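Accompanying notes for the structure given below.
Here is the naming used below: chain letters follow the sequence lines, and residue numbers restart at 1 for every chain. Because the structure is a prediction, the values reported are computed rather than measured. Hydrogens, waters and symmetry mates are skipped; everything else that's a heavy atom, side chains included, is used.
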Protein chains: 2
Amino acid sequence: MLDPVSRVRRFNRAVTSAVGALDTSFLGRGRPLGAARVLNAIGHGRSDVGEIRDYLGLDSGLMSRLLRSLEDEGLIETHAHEDDARRRVASLTRAGKREFSAYEAMSNTQAERFLARNSQREALLAAMDLIASALTRDRIALTEMDPQSDEARHCLGEYYAELGRRFKQGFDVSLSRDPDAKDMRRPQGSFIVAMSDTLPIGCVGLKGSDHGYAEIKRLWVAPSARGLGLGKRLMNAAEDAARTLGIALLRLDTNSALPEAGQLYRTTGWREIPRFNDDPYPDLFFEKQIRA
Amino acid sequence: MLDPVSRVRRFNRAVTSAVGALDTSFLGRGRPLGAARVLNAIGHGRSDVGEIRDYLGLDSGLMSRLLRSLEDEGLIETHAHEDDARRRVASLTRAGKREFSAYEAMSNTQAERFLARNSQREALLAAMDLIASALTRDRIALTEMDPQSDEARHCLGEYYAELGRRFKQGFDVSLSRDPDAKDMRRPQGSFIVAMSDTLPIGCVGLKGSDHGYAEIKRLWVAPSARGLGLGKRLMNAAEDAARTLGIALLRLDTNSALPEAGQLYRTTGWREIPRFNDDPYPDLFFEKQIRA
DNA sequence: AGCATTATCTGACTTTAGTCAGATATCGCG
DNA sequence: CGCGATATCTGACTAAAGTCAGATAATGCT
């Protein structure tokens with residue numbers, strides 16, 4: 001049982017039984033699993049009834065009854081949607097929030113126990129990130145975000161750390177031409193984060209300027225998400241953003257110590273040009289004309 | 001959402017939905033999940049009705065009805081157990097085997113598709129092994145096996161490959177004092193493999209001799225299973241085997257390039273002794289007196 | 001205003017899963 | 001042989017999940 005397929009199937013069996021255990025523990029709060037799932041979906045911020053139904057894959061009749069039962073328990077309230085009175089919006093009552101926290105606490109303890117029982121903590125977490133990214137690759141969402149949001153700052157931190165590891169001389173942001181956050185916000189520019197579920201796994205910045213071109217900055221993909229074509233998706237999104245901002249010419253700088261980046265640019269219509277700034281880190285410069 | 005617990009929970013969500021997808025595809029064969037699970041348990045070699053019931057955690061009434069429905073479909077037959085007519089033994093009919101293969105094919109294709117869709121194949125497999133080992137650590141079974149079984153040879157192959165990587169001068173089995181398989185079979189000795197589900201993840205050999213002592217050889221734990229105390233469990237099992245064989249003195253040789261092994265021996269009652277053989281690879285020698 | 005579309009809800013089901021109290025047959029052991 | 005233990009089965013339930021055909025109400029578009 002050593003071939004790749006058997007290994008995947010062994011993994012499936014192992015997680016199936018672990019997942020089953022969590023479901024069983026959820027039953028411990030005296031509520032059927034279906035109702036518990038709806039309650040948790042609402043707790044995690046999914047308020048729109050239709051959205052919850054899609055997310056959980058429920059029939060509309062069933063969904064309606066589950067909502068009713070949670071309402072009867074006094075855990076949720078529903079209101080008509082502001083802009084469309086056909087739609088309903090659910091929210092937790094005070095009691096619902098308590099109940100939701102109890103489920104959250106169970107999930108958290110279970111996760112903590114798993115981590116505490118095992119000594120290869122960092123290796124396990126990296127393995128989990130990798131597998132989760134592979135499993136959810138079709139559900140990676142690219143979202144425009146503020147360059148100073150938690151998600152963006154996480155990505156940038158990881159990006160700088162990686163440059164520090166990969167450049168022979170290390171990397172110090174303060175020596176680099178660090179773009180101003182405001183140049184990566186509309187209307188000057190844009191900052192796009194790739195989210196897999198709740199985890200930021202990649203980013204790219206579009207930095208506007210008044211030199212007649214905008215720059216692509218801080219393209220980063222988490223190690224656990226490489227090989228999924230995410231770099232290309234981020235670059236496309238950045239180009240789309242540039243188009244909506246009426247920008248026709250893009251430039252970027254990079255370093256030959258990051259060969260996969262250079263490779264990506266060369267195969268997606270970028271053209272090498274002479275140095276156009278005095279940042280000490282980059283040694284490769286590219287330009288791309290985009291058409292609206 | 002970057003703290004360890006959130007990462008574990010993101011992983012949980014990702015695999016939950018993947019596992020759910022497989023369950024749904026199992027429904028595609030027009031049979032409720034419960035019946036499909038019983039059929040697959042039988043196909044995987046679990047024939048005893050009680051064993052299946054335990055494995056799947058079913059009530060005896062429910063189990064009985066599921067068996068009956070599979071029988072009505074003509075997929076299985078049940079007979080009284082040879083030695084105990086109260087127990088029943090189930091087996092697949094020809095049609096049952098066909099149906100089972102159809103489920104197997106679905107599981108295999110799903111696994112293959114997952115591997116094919118992702119480029120980091122080896123990294124993914126290693127991550128899956130690691131997580132599966134961590135999740136099933138309580139269910140790792142140590143089994144005495146023939147040193148020439150597939151499982152044993154897999155372990156030995158991995159062991160030699162690892163020595164090759166860790167010894168500065170590499171490792172060539174033919175230069176080492178490779179123990180004869182027959183010295184690691186009863187009644188001379190023993191060979192023990194640690195199985196996690198169907199995957200061999202560790203081994204140890206007990207090599208009998210006529211010098212008044214036996215040797216511990218080929219202690220190996222798969223990288224994905226380190227940190228679970230498996231080395232110690234394997235050593236204990238080998239000592240137990242020695243006791244049942246009436247052996248009172250154990251020796252072993254090892255190399256200082258494998259510090260975790262030396263550490264294990266020192267903390268479990270082994271005492272360093274002078275070189276007792278002319279094998280070119282080891283540079284550390286230990287001995288342990290065991291009491292019956 | 002009229003009408004097809006959309007979102008949700010209600011009522012009337014069926015199927016699946018699970019529970020529990022006996023019934024039946026066999027076994028191990030004195 | 002007799003008796004308590006064990007393995008499975010049957011019947012009679014309940015609960016949960018899921019299905020489906022309308023009903024109701026609001027919306028978007030002409």
Side-chain angles (χ1 to χ4, degrees), chain A residues 16-17 19-21 23-42 46-73 75-91, chain B residues 16-17 19-21 23-42 46-73 75-91:
Chain A
T16 301
S17 86
V19 161
D23 278 359
T24 320
S25 77
F26 265 40
L27 281 175
R29 297 201 65 78
R31 199 168 289 108
L33 222 49
R37 271 199 267 265
V38 172
L39 181 70
N40 281 288
I42 299 170
R46 276 173 230 270
S47 50
D48 216 277
V49 168
E51 184 197 350
I52 301 173
R53 216 175 41 213
D54 282 356
Y55 173 65
L56 298 175
L58 299 174
D59 170 89
S60 72
L62 183 49
M63 177 72 201
S64 188
R65 258 176 282 270
L66 291 172
L67 281 177
R68 217 57 54 235
S69 84
L70 290 169
E71 239 167 10
D72 292 350
E73 273 197 274
L75 301 178
I76 65 165
E77 283 168 343
T78 60
H79 317 273
H81 189 284
E82 284 195 322
D83 313 334
D84 180 348
R86 289 169 305 179
R87 287 153 70 190
R88 304 234 96 204
V89 173
S91 58
Chain B
T16 301
S17 85
V19 161
D23 278 359
T24 319
S25 76
F26 265 39
L27 282 175
R29 298 203 64 78
R31 199 168 289 110
L33 224 49
R37 271 199 266 265
V38 171
L39 181 71
N40 281 290
I42 298 170
R46 279 174 228 270
S47 51
D48 218 278
V49 168
E51 185 197 350
I52 301 172
R53 215 174 43 215
D54 283 357
Y55 172 65
L56 298 175
L58 299 174
D59 170 87
S60 72
L62 183 51
M63 177 73 200
S64 188
R65 256 175 282 269
L66 291 173
L67 281 177
R68 216 59 52 232
S69 83
L70 289 170
E71 240 168 9
D72 292 348
E73 273 197 273
L75 301 177
I76 65 164
E77 283 169 343
T78 61
H79 317 274
H81 188 283
E82 283 196 322
D83 313 332
D84 181 346
R86 289 170 305 182
R87 287 155 66 191
R88 304 233 96 203
V89 174
S91 58

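Within the model, atoms CD1 of B/I42 and CG of B/L70 stand 6.0 Å from one another, a figure rounded to the nearest 0.5 Å. Atom OG of B/S91 and atom CD1 of B/I76 lie 8.0 Å apart (nearest 0.5 Å). Between the CZ atom in B/R88 and the NE2 atom in B/H79 there is a gap of 8.5 Å [rounded to 0.5 Å]. Annotation: the span from A/R37 atom CZ to B/T16 atom OG1 amounts to 9.0 Å, rounded to 0.5 Å.
With a heavy-atom cut-off of 4.0 Å to chain B, the contacted part of DNA chain D has its first and last nucleotide at D/dA5 to D/dA12.
The nearest whole Å value for the distance from the CG atom in A/D54 to the P atom in C/dT6 is 14 Å. Regarding A/L56, its CG atom lies at a distance of 13 Å from the P atom of C/dT8, rounded to whole Å. Rounded to whole angstrom, the span from the CG atom of A/L67 across to the P atom of C/dT8 amounts to 9 Å.
The rotation axes computed at either terminus of the helix from C/dA1-D/dT30 to C/dG30-D/dC1 lie 20° apart, taking five pairs at each end and rounding to 10 degrees.
Of all heavy-atom pairs between B/S47 and B/I52, the closest is O-CD1, 4.2 Å.
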(message) Each nucleotide in nucleotides 12-19 of chain C should get exactly one letter: B, S or -. Can you fill that in based on protein heavy atoms under 4.0 Å?
(response) B---SSBB

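Side-chain contact between B/L58 and B/V38 is present, with heavy atoms from C-beta onward closer than 4.5 Å.
For B/D48, the salt bridge (Lys or Arg N to Asp or Glu O under 4.0 Å) partners two or more places apart in sequence, or in a different chain, are B/R87. Applying the side chain to side chain donor-acceptor pair (under 3.5 Å) test to B/D23 and every residue at least two apart in sequence or in another chain returns nothing. When the salt bridge (Lys or Arg N to Asp or Glu O under 4.0 Å) test is applied to A/D54, no partner is found at least two apart in sequence or on another chain. Qualifying salt bridge (Lys or Arg N to Asp or Glu O under 4.0 Å) partners for B/E71, counting only residues two or more places apart in sequence or in other chains: B/R68.
A heavy atom lying under 4.0 Å from DNA chain C marks the following residues of residues 78-90 of chain A, by number: A/R86, A/R87, A/R88.
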Output a table of donor-acceptor pairs, distance under 3.5 Å, between side-chain atoms of residues 24-34 of chain A and any protein atom two or more places apart or on a different chain; print 'none' if there are none.
| residue | atom | partner | partner atom | Å |
| --- | --- | --- | --- | --- |
| A/T24 | OG1 | A/G20 | O | 2.6 |
| A/S25 | OG | A/L22 | O | 2.8 |
| A/R29 | NE | A/E99 | OE2 | 2.5 |
| A/R29 | NH2 | A/E99 | OE1 | 3.3 |
| A/R29 | NH2 | A/E99 | OE2 | 3.3 |
| A/R31 | NE | A/E73 | OE1 | 2.7 |
| A/R31 | NE | A/E73 | OE2 | 3.3 |
| A/R31 | NH1 | A/E99 | OE2 | 3.1 |
| A/R31 | NH1 | A/Y103 | OH | 2.8 |
| A/R31 | NH2 | A/E73 | OE2 | 3.0 |
| A/R31 | NH2 | A/E99 | OE2 | 3.4 |

What side-chain donor-acceptor pairs closer than 3.5 Å can you find for residues 59-67 of chain B, not counting sequence neighbours?
| residue | atom | partner | partner atom | Å |
| --- | --- | --- | --- | --- |
| B/D59 | OD2 | B/G61 | N | 2.7 |
| B/D59 | OD2 | B/L62 | N | 3.2 |

